Number of protein chains: 2
Amino acid sequence: MKAKTDTTTDTIKSASKEQRRLQMADIARLAGVSTSTVSRALSGSTLVNDETRQRIAELARSLKYSINIDARNLRLKQTRTIAVVVPFDSETRQHLSDPFFLGILGSLADALTDRGFDMLLSRIDAEHLDNAAQIFDTGRVLGVILIGQWRHHDQLNQLAARHVPIVVWGAQLPQQLYVTVGSDNVTGGQKATEHLLQSGRKRIAFFGDTQLPEVAQRYEGYCKALAQHGIALDEKLVVPASFIEEGGKLAVAELCNRKISFDALFACSDLLAMTSINSLREKNYRVPDDVAVVGYDDIELARYFHPPLTTVRQPMAQAGLALVDALLSLTEDGNSEARLLPTELMVRASSV
Amino acid sequence: MKAKTDTTTDTIKSASKEQRRLQMADIARLAGVSTSTVSRALSGSTLVNDETRQRIAELARSLKYSINIDARNLRLKQTRTIAVVVPFDSETRQHLSDPFFLGILGSLADALTDRGFDMLLSRIDAEHLDNAAQIFDTGRVLGVILIGQWRHHDQLNQLAARHVPIVVWGAQLPQQLYVTVGSDNVTGGQKATEHLLQSGRKRIAFFGDTQLPEVAQRYEGYCKALAQHGIALDEKLVVPASFIEEGGKLAVAELCNRKISFDALFACSDLLAMTSINSLREKNYRVPDDVAVVGYDDIELARYFHPPLTTVRQPMAQAGLALVDALLSLTEDGNSEARLLPTELMVRASSV
DNA sequence: CTGAAAGCGCTAACAC
DNA sequence: GTGTTAGCGCTTTCAG
């Protein structure tokens with residue numbers, strides 16, 4: 001009797017309330033079966049009569065009923081959602097605008113969609129990357145993909161130690177407990193520098209903040225190439241330009257003010273290369289005649305720039321796939337290896 | 001007795017199983033209280049003893065316990081997650097790469113984070129925008145923000161008719177049931193054209209696919225400005241360039257092949273403007289001397305381009321906020337109004 | 001102030 | 001084949 005009363009109340013409510021969400025019980029009632037049957041039918045179980053299944057499927061479709069995923073996940077203790085976390089710099093309160101990161105985001109969205117996963121996107125303070133654990137602890141996601149390692153190797157290690165399934169876009173470091181996916185920065189830096197050396201440049205400036213692991217590796221490649229050509233490293237040519245806003249402008253100004261001569265420039269991001277080129281132009285340097293420039297990333301706009309930018313391509317489409325695959329194998333097998341994506345030097349007019 | 005047995009089993013299990021996720025019952029057991037009390041303590045209810053609350057809070061923190069959001073949402077029938085949908089073009093299987101859309105995505109991420117909402121990002125086939133309803137029907141999100149109206153006004157109207165809370169980035173159209181947020185395209189197009197006219201240009205080409213509502217409105221502004229200056233519209237100057245890849249190149253080629261003279265160009269996106277400028281340069285037109293160019297969007301790279309690009313700025317940061325606010329007022333009050341964001345002409349070297 | 005019990009929407013033994 | 005029942009992790013009446 002209690003049940004009966006409830007049902008009546010429910011019906012009245014649903015009539016008066018604007019629009020209660022349809023649920024399995026409704027479909028069951030309308031189809032004259034139990035919810036179990038509906039559940040089975042909708043999940044394609046063979047345990048249910050073909051005809052019944054068809055009927056239920058049809059009914060659900062026509063009523064535009066969709067199963068409540070959260071309830072399902074709760075019951076099944078599973079989820080097909082992945083967290084993607086993009087750190088932000090708390091000092092500059094920097095917005096998410098770096099074209100390369102944004103590009104990876106797009107690539108991830110595609111890769112996850114292909115694999116049938118949903119993506120929960122969040123931003124967290126770069127100084128507290130360990131907060132990324134929380135989103136996992138709340139149980140809504142299978143694992144975490146973090147775009148941007150910054151200088152917080154230690155925090156990331158702690159996360160991994162806590163068994164948070166996490167994959168990071170960045171550089172592979174010694175003593176690393178977490179899984180990284182990234183481009184081969186050493187080789188990338190080497191290719192860029194090698195290319196400049198081969199076109200006869202001798203005084204190659206390096207723009208980048210070597211505190212960041214990825215940049216440090218590109219710098220290593222830069223040094224390697226110089227060494228191979230028997231050229232001594234001139235520290236004055238190394239400028240710790242940051243990725244922010246006017247990084248290139250400041251770096252170029254620094255070299256000029258200190259009257260340091262240079263005939264080439266390897267910038268650790270395309271954005272940095274572009275702002276540098278603009279500054280060089282203002283100071284009446286010709287690119288590439290006076291200064292040859294190579295960037296890093298190969299963002300879409302690199303080839304539309306003037307002059308078209310020579311740059312080290314990070315394979316963006318592969319990046320998304322690799323990140324997702326690394327994370328999935330981590331959650332499935334419990335372990336997963338770092339992946340190093342090949343880089344490719346895209347030679348364009350800015351360096352030849 | 002049954003309860004007791006279960007507890008014992010549980011304990012054994014949790015010891016043997018590698019790492020069961022912590023849950024409220026665990027905290028309760030450890031604190032020697034019931035789950036009700038833990039629930040109250042963690043939600044800051046005044047119904048619980050101050051000392052007890054502190055103790056529980058401390059325990060939860062030290063154990064890094066986070067409440068299971070899905071279970072909570074299920075019980076409370078609420079959620080603080082918003083779906084953000086970015087359509088993809090099924091034909092070109094185009095990836096998510098347009099800098100402006102990517103930028104809006106960043107802006108949305110920031111706005112949602114500020115408001116304490118999570119963002120569920122998905123991509124759907126642009127030909128079936130109505131699939132966006134499904135993600136709402138599954139009950140995981142409060143509402144949907146769709147970036148890109150494309151030519152599917154009708155499908156969007158159907159969604160709204162089904163009472164799916166949805167806000168769309170795009171143009172406001174007559175007979176529109178859904179809420180849009182967008183920039184003032186008519187005025188934007190007018191400003192761009194007006195600017196070119198005032199610098200003495202007479203033959204202004206228009207690049208853009210007027211099948212898209214936003215572009216159609218920019219075109220309307222273009223026509224208005226021409227009319228105000230008593231200049232007859234020359235249809236030959238209107239080229240239906242698409243936003244894809246080599247749009248600018250094709251459009252420029254078309255004008256040149258047909259030997260149509262022009263001294264200015266209004267392109268409906270910065271990307272289009274940039275590729276057009278590159279093509280013009282290849283054909284030995286000087287920008288702005290021979291052809292003045294104005295773009296649309298003011299993506300970050302516009303000011304780093306050479307020549308720096310004059311463009312109609314769509315306020316990206318505001319865009320995210322406006323979209324979120326529009327959606328929230330829709331879900332709260334049940335209705336919400338379209339928002340038209342002001343545009344601003346950024347005059348740079350490509351046009352003067 | 002605290003605990004016992006019911007139930008959010010769904011699935012999976014277990015019965016029939 | 002199908003229905004009944006218990007329970008996923010949480011919140012909230014309702015008693016005490």
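Just so it is clear, the model here is predicted, and its values are computed rather than measured. When reading the values below, keep in mind they use all heavy atoms of this one structure, side chains included, and skip hydrogens, waters and symmetry mates.
Note: CG (N73(B)) to C1' (dG9(D)) measures 12 Å, nearest angstrom. When rounded to the nearest whole Å, the span between CZ of R55(B) and P of dC1(C) equals 15 Å. Distance, I56(B) CD1 to dT2(C) C1': 10 Å, rounded to whole Å. In this structure, the CD atom of Q78(A) is 20 Å from the P atom of dG7(D), given to the nearest Å.
Looking at P165(B) and L327(B), their side chains come closer than 4.5 Å, going by heavy atoms from C-beta outward. Contact check for L42(A) versus Y65(A): side-chain heavy atoms found under the 4.5 Å cut-off.
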Note to self: Treating primed atoms plus P, OP1 and OP2 as sugar-phosphate and everything else as base, which nucleotides of nucleotides 8-16 of chain C get B, S or - for protein heavy atoms under 4.0 Å?
What the structure shows: BBBBBB---

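Sorted by first and then second residue, the pairs that involve residues 319-336 of chain A and meet side-chain hydrogen bond (donor to acceptor under 3.5 Å, both in side chains), not counting sequence neighbours, are R115(A)-D325(A), S329(A)-S336(A).
By the 4.0 Å N-to-carboxylate-O rule, R61(A) lies close enough to E58(A) to be salt-bridged with it.
Formation of a donor-acceptor pair under 3.5 Å by the R123(B) side chain with backbone atoms of A109(A) is not found in this model.
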Kindly list each side-chain donor-acceptor pair under 3.5 angstrom involving residues 130-140 of chain A, sequence neighbours excluded, with atom names and distances?
| unit_1 | atom_1 | unit_2 | atom_2 | d |
| --- | --- | --- | --- | --- |
| T138(A) | OG1 | I135(A) | O | 2.8 |
| R140(A) | NH1 | D118(B) | OD2 | 2.5 |
| R140(A) | NH2 | T81(B) | OG1 | 2.7 |

